[in-house]
Amino acid sequence: SKYNADGNWEISWKNAASEAIWLGEESGEDFVYETTAKVAAIDNFRMSPFLFRYGNSDGLSGVDIIAMDIMKDAGAQNSVKFQIYERWWDSGNDQIDVDLTAAQLAAIAGDGLKIRVVRQGEGFYFYADTCTGDGAPVWQLLGDRKSTVKAGITSGYVGVGVMFTTGSFSGIRYSETDPDKVAVTSNADSLANGTMSVSDVTLGGNLVITVTPDDGYVVSSVTVNGE
């Protein structure tokens, strides 16, 4: 492992290994995490571009890991999947499976596939670059929902890992500012003859607009982005 020119972590395995590496200090804050994942051979691999280990080892709170894996089983023909576990030690429960596209598979075997994880409170949102943009990532929300830690668990350790795989993670970085937070401007405060509320939303999520007309009135139209 080493730092790159921007001061971000780069970690690589030159020989097939099975291990996790935990980064930095324990974190309990909201954050955005990004890395670029690459494998040396795509015939059979399993790598974890994001791990979050939480809980205590005293047997009271329990220890578990939220894990994002990218894997291809040699016996699964051409199936390559993102797998997200809310309880890694209890894999199979609360698991999200999403197939990689051909473009994403080519990226992870080539210059690397960009991954992003956004933590908001007890929720984690997992994204992968669709590899359809002109250089800039086009983020795909994996599983269309958030993963959550156990109630009351706020802090944990972030890491990466591989299982019987030769590969690398580059450009590992954190930010406490969420670049996916969507700024929404509405006329709710000046709305006459009724009320309107607009939910918070992140990139790839659902924006919920709730309009409640006063008695005797109906909703005639709702305009979003001029349409």
Side-chain angles (χ1 to χ4, degrees), residues 8 26-36 49-52 54 64 66-68 82-87 93-101 103-104 113-156 158 171-227:
N8 301 321
E26 189 173 16
S27 172
E29 304 297 325
D30 291 354
F31 60 75
V32 176
Y33 166 95
E34 290 185 359
T35 189
T36 299
F50 178 83
L51 300 168
F52 185 81
Y54 60 91
D64 219 321
I66 289 181
M68 177 186 186
F82 298 104
Q83 292 189 326
I84 299 169
Y85 304 95
E86 294 183 3
R87 311 283 185 267
N93 290 340
D94 301 315
Q95 179 178 327
I96 298 171
D97 285 355
V98 180
D99 290 333
L100 273 73
T101 65
Q104 289 169 331
L113 176 63
K114 293 181 173 62
I115 300 296
R116 172 179 285 177
V117 180
V118 177
R119 179 181 184 180
Q120 295 178 339
E122 293 183 342
F124 291 77
Y125 296 84
F126 295 85
Y127 300 86
D129 184 8
T130 62
C131 305
T132 59
D134 186 14
V138 177
W139 296 113
Q140 169 192 4
L141 176 62
L142 302 176
D144 298 323
R145 65 180 177 90
K146 70 179 180 181
S147 295
T148 56
V149 300
K150 295 177 182 178
I153 301 295
T154 59
S155 60
V158 173
I172 299 172
R173 66 185 184 90
Y174 300 90
S175 171
E176 293 183 358
T177 301
D178 186 351
D180 292 329
K181 187 79 172 183
V182 177
V184 179
T185 302
S186 74
N187 66 336
D189 292 338
S190 61
L191 188 67
N193 306 315
T195 61
M196 178 172 66
S197 64
V198 182
S199 67
D200 290 334
V201 64
T202 55
L203 184 64
N206 295 319
L207 175 68
V208 179
I209 302 173
T210 304
V211 181
T212 305
D214 291 339
D215 290 343
Y217 292 85
V218 297
V219 178
S220 60
S221 65
V222 177
T223 303
V224 179
N225 290 340
E227 299 181 0

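When all heavy atoms of Asp129 and Val138 are compared, the closest pair comes out as OD1-N, 3.0 Å. Heavy atoms only, all atoms of each residue included: Lys114 and Pro137 are closest at CD-CG, 3.6 Å. Closest approach of Gly143 to Val98, counting heavy atoms only: N-CG2, 3.8 Å.
Gln120 places no side-chain N or O within 3.5 Å of a backbone atom of Asp30 that could act as its donor or acceptor partner.
Scanning for salt bridge (charged side-chain N to carboxylate O under 4.0 Å, His left out) contacts around Asp99 gives Lys81, with sequence neighbours left out. With sequence neighbours excluded, the residues forming a side chain to side chain donor-acceptor pair (under 3.5 Å) with Ser155 are Glu26, listed by chain and number. Under the side chain to side chain contact (heavy atoms under 4.5 Å, CB included) criterion, Thr210 pairs with Ser197, Val208, Thr212, sequence neighbours left out. Contacts of Thr130 classified as side chain to side chain donor-acceptor pair (under 3.5 Å), with partners at least two apart in sequence or in another chain: Thr132. Residues that satisfy the side chain to side chain contact (heavy atoms under 4.5 Å, CB included) test with Val222, not counting sequence neighbours, are Val211, Val219, Val224. Applying the side chain to side chain contact (heavy atoms under 4.5 Å, CB included) rule to Asn187 yields the partners Ser190, Leu191, Met196; only residues at least two apart in sequence or on another chain are considered. Residues forming a side chain to side chain contact (heavy atoms under 4.5 Å, CB included) with Asn193 (at least two apart in sequence, or on another chain): Asp214, Tyr217.
You'll find the ring centres of Phe52 and Phe124 inside the 6.0 Å limit.
The side-chain heavy atoms of Phe126 and Phe82, taken from C-beta on, include no pair separated by under 4.5 Å. Two residues are said to be in side-chain contact when any heavy atoms from C-beta on lie closer than 4.5 Å; Arg116 and Tyr125 fail this criterion. The shortest distance between side-chain heavy atoms of Ile66 and Tyr54 falls below 4.5 Å.
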